[in-house]
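Remember, it's a predicted structure, so these values are computed and weren't measured experimentally.
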Amino acid sequence: MSIESIIRKAVSQATKHLYAISIDEETLQVQKTKKEFEGDVTIVMFPLAKQLRQSPAALAQAIGDYLQQNDEMISRFNVIQGFLNLSIAQDYWVETLHAIDAQPTFGLKQATKDSPLVMIEYSSPNTNKPLHLGHIRNNLLGYSLAEIMKANGNRVVKTNIVNDRGIHICKSMLAWQKYGNGATPESTGIKGDHLVGDYYVKFDQEYKNQIQELIEKGTPADQAKKEAPLILEAQEMLRQWENNDPEVRQLWESMNQWVYAGFDITYKALGVNFDKIYYESKTYLTGKQQVEEGVAKGIFQKRADTSVWADLTADGLDEKLLLRADGTSVYMTQDIGTAKLRYDDYAIDKMIYVVGNEQNYHFQVLSILLDKLGFKWGKDLVHFSYGMVELPEGKMKSREGTVVDADDLMEEMITTARQTSEELGKLDQCTPEEAASIVRKIGLAALKYFILKVDPRKNMTFNPKESVDFNGNTGPFIQYTYARILSVLRKASEANIQAVATAPLTQPLSEKEISLIQLVNEFPATVQEAGNSYSPAIIANYAYELAKEYNQFYHDYSILKEENEALRAFRLELSRNSAKILQSAMHLLGIEMPERM
RNA sequence: GCCUUUGUAGUUCAACGGAUAGAACGGCGGUUUCCUAAACCGUAAAUAUGGGUUCGAUUCCCAUCGGAGGUACCA
């Protein structure tokens, strides 16, 4: 049983004994004592005071007395302004550490075959352009969320829906056809997704030129946008695609292959992966069927022009188009089709969509529609809605070339990590392979941690030149702490120093040591909280706090040079478990830890 | 216009309705004969504004002022 729940129970017993009133253990406000005050755990008395009709101070004094006398765990207490601060006996902390030491996967629950099945959709790229900074946030959040859900005892299926059809895809195909001169990734040496993305940009440039020309000839702007030859050709290409025109399909296939080869490289570099990939080109037809069935069941309405609509006015929303009059599908149709296929493939208990907050409305609607169509998880689907990544100059715009490319960014991080490491002389003892592995881990950790430490719901600012640091509240700081601990453990092992407690501790531990145990002990609750609130940031901030706390301990106390054997063994045990938790926590963020740096 | 969301040091981020709002970077000043100084310590610096609810408000409610997103037969 956790310390917190023991205390809840004890306080509840105390009030029963002292005032003959049972209080609800769950409503008790139990929190960690603030650093400035003596004690480990604090109970807030104000709510109780009201219930028990006692002054907070008197109540705290009475309960504190009772607990100290009746509970061995409580060694001391003090009362300040209606806060009851309890000190937990040292032996109890040491026992807690032993228990943690005995569990290699402390804080991480294992899923069984009966555990809930959670499907997490993330990444969701378009095949007309390479991944950029916004995708990086999505991928890191999705991957980390999957790890966190696993650690909370869920079975997880990671899925990706690739948006590989539609007018935007035709734009890059058309531009390649017109201006590409047969260029391929092989012939140009350009990574496939970038090559295709270049033609998407090319299309936009040429399209704008055509609009401008038309406007100069006196065509109104709105009309010019609709009548520019390039857009008409792109629309024609989409019709040919839907009609399975062999030539268009062939082009589509080969350009998509280039893109997928490029994406694979990026995903691998980023350290993310998927259990199952869906393609919209294969799901949109199912979506159409679902919508037609919905019409047959009377859930949706077909209008005179044959377009299909869902009337959501009863749900406080408006009417939503599901099929165009020409029978083609829209975004919503495809998501319904994808949901259907997934439902057929897996016994999903919970579906989580990792998609930006610009689509809040879309998912609100999707949830209602899936529910109407009878998907049992439709109503409770989770839209993990994360904020945008902005640059100091403002929003990123693909077409204006202000995006930060994912591949470039990772490359830059690793290069910077290498420079810094070399300046500090950290790689002198390493083989080139080790050095490469270390700088890759550091560079990626800097990037990943920077993104993940921010509350996912909020928009965040990323300055490519300044944002990534290796000091302070950063990934490399946590990695450094870990590497440092491993170094101590290696030295202990080389010197044959006893690292397991054999004799009981006789001297009192320092506050720093106690608070470190307490922090390590909070890991399971932190993992749980991160799972409940879908927030990798909670794990990130916890890991930082732990690393910081450890560094202070490391600075103030000797480990290997401590002469008292029991104390030395204790400190090694504390170090070992701090490292273990740091690694577990960072693993949940998808961040790899170097053994030395 | 309507809907959603957001506003905390110079900057980037924290804070289940709880104690003196916590970090990092940057600034200023320190620590290395000692287990990794990518570390540690000190210092100055913030809750947009005005009301309300509460023993207690950065947090909840209302208004005002800013930012972002949505309100497409785009995805």
Do the side chain of [X] and the base of [N] come within less than 3.5 angstrom through a donor-acceptor pair of N or O atoms?
X	N	value
Thr42(A)	A19(B)	yes
Thr474(A)	A24(B)	no
Lys426(A)	U36(B)	yes
Asn85(A)	A19(B)	yes
Asn551(A)	C41(B)	no
Gln552(A)	C41(B)	no

As a test of reading the structure: which of [options] is closest to the side chain of [X], going by heavy atoms?
X	options	answer
Asn360(A)	U4(B), C13(B), A38(B)	U4(B)
Arg324(A)	C73(B), U36(B), C35(B)	C73(B)
Gln359(A)	A19(B), A38(B), A75(B)	A75(B)
Tyr544(A)	A38(B), A24(B), C73(B)	A24(B)
Lys453(A)	C13(B), A75(B), A39(B)	C13(B)
Lys561(A)	C35(B), G70(B), A24(B)	C35(B)
Gln29(A)	A38(B), C16(B), A37(B)	C16(B)
Asn471(A)	G69(B), A39(B), A68(B)	A39(B)
Ser487(A)	C25(B), U12(B), U36(B)	U36(B)
Ser421(A)	A38(B), C25(B), G18(B)	A38(B)

Is the distance from OP1 or OP2 of [N] to the nearest side-chain N or O of [X] less than 4.0 Å?
X	N	result
Tyr480(A)	A38(B)	yes
Ser558(A)	C34(B)	no
Lys548(A)	G22(B)	no
Arg303(A)	C73(B)	no
Lys50(A)	U54(B)	no
Lys458(A)	G7(B)	yes

Below 4.0 angstrom, N of the basic side chain to O of the carboxylate: do Arg239(A) and Glu236(A) qualify?
yes
Lys/Arg-Asp/Glu bridge criterion (N-O < 4.0 Å) met for Glu549(A), Lys35(A)
yes
Which nucleotide, in any strand shown, forms a Watson-Crick or G-U wobble pair with [N], with both distances under 3.5 Å?
N	value
U54(B)	none
U71(B)	G1(B)
G29(B)	C41(B)
A24(B)	U11(B)
A46(B)	none
C34(B)	none
G66(B)	U6(B)

Whole angstrom value for the distance that separates [atom2] of [N] from [atom1] of [X]:
X	N	atom1	atom2	answer
Phe470(A)	A39(B)	CZ	P	12 Å
Glu522(A)	A15(B)	CD	C1'	14 Å
Met460(A)	C13(B)	CE	P	6 Å
Gln301(A)	C73(B)	CD	P	17 Å
His383(A)	G70(B)	NE2	C1'	12 Å
Tyr542(A)	G22(B)	OH	P	22 Å
His362(A)	A75(B)	NE2	C1'	9 Å
Phe37(A)	G18(B)	CZ	P	14 Å

Touch class at under 4.0 angstrom, heavy-atom based, for [X] against every strand present:
X	value
Ile442(A)	base
Asp455(A)	sugar-phosphate
Arg596(A)	base
Ala492(A)	nothing
Glu545(A)	nothing
Asn126(A)	sugar-phosphate
Asn532(A)	nothing
Val44(A)	base
Pro47(A)	base

With a 3.5 Å distance limit and no angle check, can you tell me whether [X] reaches the backbone of [Y] through a side-chain donor-acceptor pair?
X	Y	value
Glu38(A)	Ser87(A)	no
Thr33(A)	Val41(A)	yes
Ser172(A)	Gly197(A)	no
Asn160(A)	Ile277(A)	no
Arg596(A)	Ala483(A)	no

For the residue pair Phe384(A) and Tyr534(A), does the interplanar ring angle fall in the parallel (under 30°), tilted (30 to 60°) or perpendicular (over 60°) class?
perpendicular
When rounded to the nearest Å, what value does the distance between P atoms of U5(B) and A37(B) take?
48 Å
Quantified in whole Å, what is the P atom distance between nucleotide G1(B) and nucleotide C28(B)?
46 Å
Do Tyr550(A) and Phe553(A) have their ring centres less than 6.0 Å from each other?
yes
Residue met sooner reading RNA chain B from 5', once Lys320(A) and Lys32(A) are mapped to nucleotides
Lys32(A)
According to the 5.5 Å centroid and 30° plane-angle thresholds, does [X] stack upon the nucleobase of [N]?
X	N	value
Tyr554(A)	A39(B)	no
Phe477(A)	A38(B)	no
Phe46(A)	C55(B)	yes

Taken to the nearest 0.5 Å, the spacing of Ile442(A) CD1 from Phe470(A) CZ works out to 7.5 Å
